[in-house]
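Count residues from 1 along the sequence. We count ligands from 1, going down the list as the structure has it; atoms in each ligand are counted the same way. Note that this is a predicted model, so its numbers are computed, not measured.
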Amino acid sequence: MNSTKTLHDSVQLGELKLQNRFVVAPLTRQRADKDSFIPNDVMKEYYTQRASFGLIITECSQVSKLSDVFYWSGGIYSKEQALGWKKVVDSVHEKGGLIMLQIWHCGRSANISQLGGKQPIAPSPIAINYKSRATGEDYPVPHELTIEEIKEVVQQFKQGAIYAKEAGFDGIELHGANGYLVDQFLRDGSNKRTDIYGGSPENRSRFCLEVIDALAEVFGYGRTALRISPTGRFNDMYDSDPVGLLSYLLPELDKRNLAFVEFKRHGALENRAVVYPDRKTPQEQMPDFFRIIRKLYKGNIIANDNLSIEEAQELVQEEVAQACSFGYKSINNPDLPLRVKNGWKLNENLDRDTLFTQGPKGYTDYPFHNQE
Ligand SMILES: Cc1cc2nc3c(=O)[nH]c(=O)nc-3n(C[C@H](O)[C@H](O)[C@H](O)COP(=O)(O)O)c2cc1C
């Protein structure tokens with residue numbers, strides 16, 4: 001179906017009214033304070049620079065010390081972290097922007113140097129089958145969560161949502177993508193449980209839906225969202241039947257009337273995937289990714305991964321997606337929506353060496369159009 005909708009039109013996603021359909025994709029940039037994981041002034045400036053996007057989704061924010069892979073990531077498990085985020089949020093609001101927190105637990109991909117001798121946690125005792133980027137070492141075999149421990153993790157997410165609400169965020173997005181804890185439960189390559197949290201798509205979706213419901217108790221469903229990457233391979237992930245999983249999960253999400261689901265298709269991050277000869281490729285599993293999703297999900301869709309402006313425009317016009325999120329393009333174009341609207345050239349220079357370094361270099365020094 002073709003419509004006259006464009007990326008520049010406003011859109012209502014649940015209770016969020018976006019001024020346009022450009023979304024800053026969640027991007028870990030490791031600029032918070034190292035030991036406290038408190039968001040700071042350079043982060044405030046970075047996010048505020050992007051207030052002309054219809055919506056900013058923050059970097060993934062960990063719900064506990066054990067739930068983190070990276071150093072210098074802004075956490076959401078202490079009052080001080082919430083206060084740090086509040087400065088970011090207030091500043092984005094002053095510029096008329098909307099900002100959601102991406103809430104996260106990394107599960108089996110935890111950085112062992114941050115675990116203080118503890119084992120990472122996961123649905124099943126299956127390690128990631130390559131070396132950790134953070135430590136250069138093998139990933140340890142994770143501890144299989146008991147049902148009681150699963151409930152505790154759900155509560156950690158809820159407490160994180162309470163802090164996020166105190167910080168004034170406009171909503172909350174659960175990170176269910178890229179092979180972290182929620183994704184580890186969803187997919188059958190990492191979830192071999194035989195209890196109510198494993199086996200059928202219904203059982204594998206249970207943890208995700210319990211966390212969504214816990215977040216919505218704090219924010220309401222109209223300000224709660226989920227990100228998933230059902231065919232992604234990053235962090236050694238696989239599901240033998242992603243369409244089967246989605247055929248259960250997405251109608252369940254539809255019942256809840258979320259603000260949106262952000263779908264990340266198989267893309268550039270997958271370069272480090274282990275190749276298993278017996279596994280189907282993502283393209284074999286879901287050839288026309290977004291159009292398959294559109295048939296399975298009635299609610300609002302944010303599309304992501306390696307989208308050109310033209311493809312994003314097409315998805316919005318055909319109402320396959322209500323909005324599109326941009327990762328790399330939002331790093332080097334803080335004013336991306338204005339550049340596209342006015343026909344100004346996009347900045348193509350991206351410094352990969354400063355993606356995960358600290359301080360303003362390669363973070364807040366990308367030029368606005370009028371500074372070029
Ligand atoms: C530096 C960097 C950090 C990222 N951090 C996150 C993150 O914190 N949470 C998340 O869900 N995805 C994260 N991603 C994935 C991006 O949100 C996005 O899916 C990916 O960059 C593909 O979109 P793009 O082609 O528009 O950049 C990250 C990607 C990059 C390059």
- Could you tell me whether the side chain of Arg187 and the main chain of Asp241 form a donor-acceptor pair under 3.5 Å?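 No; zero donor-acceptor contacts below 3.5 Å.
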- Look only at the side chain of Asn235 and the backbone of Met237, and say whether a donor-acceptor pair between them is shorter than 3.5 Å.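 Checked: no pair found.
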Below 4.0 angstrom from a heavy atom of [X], which ligand 1 atoms are there? Numbered from 1 as shown, please.
| X | value |
| --- | --- |
| His175 | 9 (N), 10 (C), 11 (O) |
| Gln102 | 7 (C), 8 (O), 9 (N), 10 (C), 11 (O) |
| Phe326 | 26 (O) |
| Ala25 | 17 (O) |

- Message: Over 60° means perpendicular and under 30° means parallel, so tell me whether Phe22 and Phe53 are parallel, tilted or perpendicular.
- Response: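 The rings of Phe22 and Phe53 stand perpendicular, inter-plane angle above 60°.
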- Using 30° and 60° as the class limits, which term best fits the ring planes of Phe356 and Phe70: parallel, tilted or perpendicular?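 Correct class here is parallel.
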- The one among Pro26, Ala303, Ser61, Gly176 that brings a heavy atom closest to atom 13 (C) of ligand 1: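 Answer by nearest heavy atom: Pro26.
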- Between Phe234, Tyr328, Tyr180, flag the one that comes closest to atom 27 (O) of ligand 1 by a heavy atom.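 Selected option, by shortest heavy-atom distance: Tyr328.
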- Query: For ligand 1, is Trp104 a contact, meaning one of its heavy atoms is under 4.0 Å away?
  - Reply: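 Under 4.0 Å: no for Trp104.
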- Is there a heavy atom in Lys264 that sits closer than 4.0 Å to ligand 1?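 Yes.
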- Are side-chain heavy atoms of Cys106 and Gln62 found at a separation under 4.5 Å?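 Of all side-chain heavy-atom pairs linking Gln62 with Cys106, none is under 4.5 Å.
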Using a plain distance cutoff, I'd like to know if [X] has any nitrogen or oxygen under 3.5 Å from a nitrogen or oxygen of ligand 1.
| X | answer |
| --- | --- |
| Arg227 | yes |
| Gly327 | yes |
| Leu307 | no |
| Glu59 | no |

- Query: Above 12 or not: heavy atoms from other molecules or residues under 6.0 Å from CD of Gln371?
  - Reply: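 More than 12 heavy atoms, drawn from other residues, nucleotides or ligands, come within 6.0 Å of this atom.
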- Task: Select one of side chain, backbone, both or neither to describe which atoms of Asn304 lie under 4.0 Å from any atom of ligand 1, heavy atoms only.
- Result: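 Just the side chain.
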- Region of Asn178 that comes within reach of ligand 1 [heavy atoms, distance under 4.0 Å]: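 For Asn178, the contact with ligand 1 is made by the side chain alone.
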- Scan residues 253-263 for pairs that pass side chain to side chain donor-acceptor pair (under 3.5 Å), counting only residues two or more places apart or in two chains.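 Listed by first then second residue: Asp213-Arg256, Arg227-Glu262, Glu252-Lys255, Glu252-Arg256, Glu262-Ser325.
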- Run the numbers on Tyr197 and Glu210 for side chain to side chain donor-acceptor pair (under 3.5 Å), then give the verdict. CA-CA 11 Å; Tyr197 288 95; Glu210 285 181 357; 2.8 Å; yes
- Query: For His369, what residues pass the ring-ring contact (aromatic ring centres under 6.0 Å, His included) criterion, not counting sequence neighbours?
  - Reply: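 For His369 the ring-ring contact (aromatic ring centres under 6.0 Å, His included) partners, ignoring immediate neighbours, are Trp344.
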